[in-house]
There are 2 protein chains.
Amino acid sequence: MGIDMQPELCKVDDALGILVGKWKPIILLILLQEGTKRFSDLKRSVPGITQKMLTKQLRELEEEDIITRKVYAQVPPKVEYSISEYGKSLEPILVAMHEWGTAHTLHKTKKLQQ
Amino acid sequence: MGIDMQPELCKVDDALGILVGKWKPIILLILLQEGTKRFSDLKRSVPGITQKMLTKQLRELEEEDIITRKVYAQVPPKVEYSISEYGKSLEPILVAMHEWGTAHTLHKTKKLQQ
DNA sequence: TGGTATAGTATACTAAATGATACTAATGGA
DNA sequence: TCCATTAGTATCATTTAGTATACTATACCA
């Protein structure tokens with residue numbers, strides 16, 4: 001490995017901590033690919049997620065400056081979420097994971113065929 | 001994003017599923033950087049991990065073909081673990097995460113100073 | 001004879017993540 | 001007047017992840 005990744009100060013965990021969870025990757029992918037979304041749009045885009053979970057994941061991502069939350073003072077409420085500039089820096093990781101995941105599916109398929 | 005990462009079939013979760021856990025990243029980093037290791041060496045290299053957890057993580061990584069387990073028929077037992085060829089394909093992800101994690105630490109430091 | 005070493009397993013437990021369901025406020029429209 | 005809409009919160013139950021501790025077999029060595 002070209003880079004020295006001192007395991008004892010495992011920086012990998014920082015990235016992992018932000019990406020991990022049953023819902024965060026898909027939320028980030030949707031916001032990256034489709035841009036700004038309302039809460040209810042996200043809920044529709046992530047089938048099976050509960051309001052509580054969506055709220056929690058969004059709050060955590062906002063806390064880390066990965067996404068931006070914009071509230072409109074109107075009734076019924078309107079809240080928009082989008083990836084922050086800083087959040088875009090996660091894209092290479094998500095892309096690398098997606099590519100690996102795709103190859104991994106093939107790998108597992110081959111194993112089954114043996 | 002250049003690549004189409006259809007969120008509905010979230011491949012990112014595959015990579016995440018393998019990397020996630022309190023101990024897997026550090027185990028992988030150690031094996032990547034230091035090569036083959038015995039069980040007891042790994043236990044010493046990962047302070048705080050219990051035998052049960054180390055065993056469990058290693059079994060899961062082996063199950064996914066990420067690492068290789070070699071048992072020597074001798075007493076006291078000797079078992080060696082190393083990264084498989086396939087496991088090495090995770091390296092770009094770990095590197096990307098490590099780089100991001102390092103930058104993220106700086107980002108958080110700056111935020112605190114504001 | 002009894003202690004040390006290795007790579008585990010077994011059992012019981014706590015803590016964290018996730019899920020299900022019900023509830024809220026204020027407005028516009030039928 | 002009543003219902004739908006939106007972006008949540010509150011409460012409780014369940015599932016999963018992780019921890020603590022004790023136990024095992026066998027050979028070697030003092």
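Numbered from 1 within each chain, the chains take letters A, B, ... in sequence-line order.
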[X] side chain N/O closer than 4.0 Å to the phosphate oxygens (OP1, OP2) of [N]?
| X | N | result |
| --- | --- | --- |
| A:R38 | D:dT6 | no |
| B:R59 | C:dT9 | yes |
| A:T50 | C:dG19 | no |
| A:K52 | C:dA22 | no |

Check: A:D65 main-chain N/O paired with A:S84 side-chain donor or acceptor under 3.5 Å: yes

Nearest-angstrom distance from the residue atom [atom1] of [X] to [atom2] of [N]:
| X | N | atom1 | atom2 | result |
| --- | --- | --- | --- | --- |
| B:K43 | C:dA7 | NZ | C1' | 11 Å |
| A:R44 | D:dT5 | CZ | C1' | 10 Å |
| B:L16 | D:dA17 | CG | P | 13 Å |
| B:L54 | D:dA17 | CG | P | 17 Å |
| B:I49 | D:dT21 | CD1 | P | 17 Å |
| A:M53 | D:dT11 | CE | C1' | 14 Å |
| A:K78 | D:dT6 | NZ | C1' | 12 Å |
| A:D41 | D:dA7 | CG | P | 8 Å |

Does the cation-pi check pass for A:K37 over A:Y81, that is, NZ or CZ under 6.0 Å from the six-membered ring centre and within 45° of its axis? no

Between B:E80 and A:V20, which has a closest nucleotide on DNA chain C that is more 5'? B:E80

In A:L29, A:I93, A:L19, the residue satisfying side chain to side chain contact (heavy atoms under 4.5 Å, CB included) with B:V12 is A:L29

Can you sort out the partners of A:E63 under side-chain contact (heavy atoms from CB on, under 4.5 Å), two or more places apart, ordered by chain and number? none

For A:V46, which residues count as a side-chain contact (heavy atoms from CB on, under 4.5 Å) partner, sequence neighbours excluded? A:W23, A:I26, A:I27, A:I30, A:I49

Option from A:R38, A:K78, A:E80 for which side-chain hydrogen bond (donor to acceptor under 3.5 Å, both in side chains) with A:Y72 holds: A:E80

When rounded to the nearest 0.5 angstrom, what distance separates CG in A:L61 from CZ in A:R69? 13.0 Å

Please list residues of residues 69-77 of chain B whose heavy atoms come under 4.0 Å from any atom in DNA chain C, ordered by number; otherwise none. B:R69, B:P76, B:P77

Let's see if you can work this out: which of D:dT19, C:dA7, C:dT18 has an atom nearest to the side-chain heavy atoms of A:K22? C:dT18

Which one, C:dT9, C:dT6, D:dA7, comes nearest to the side chain of B:S40? C:dT6

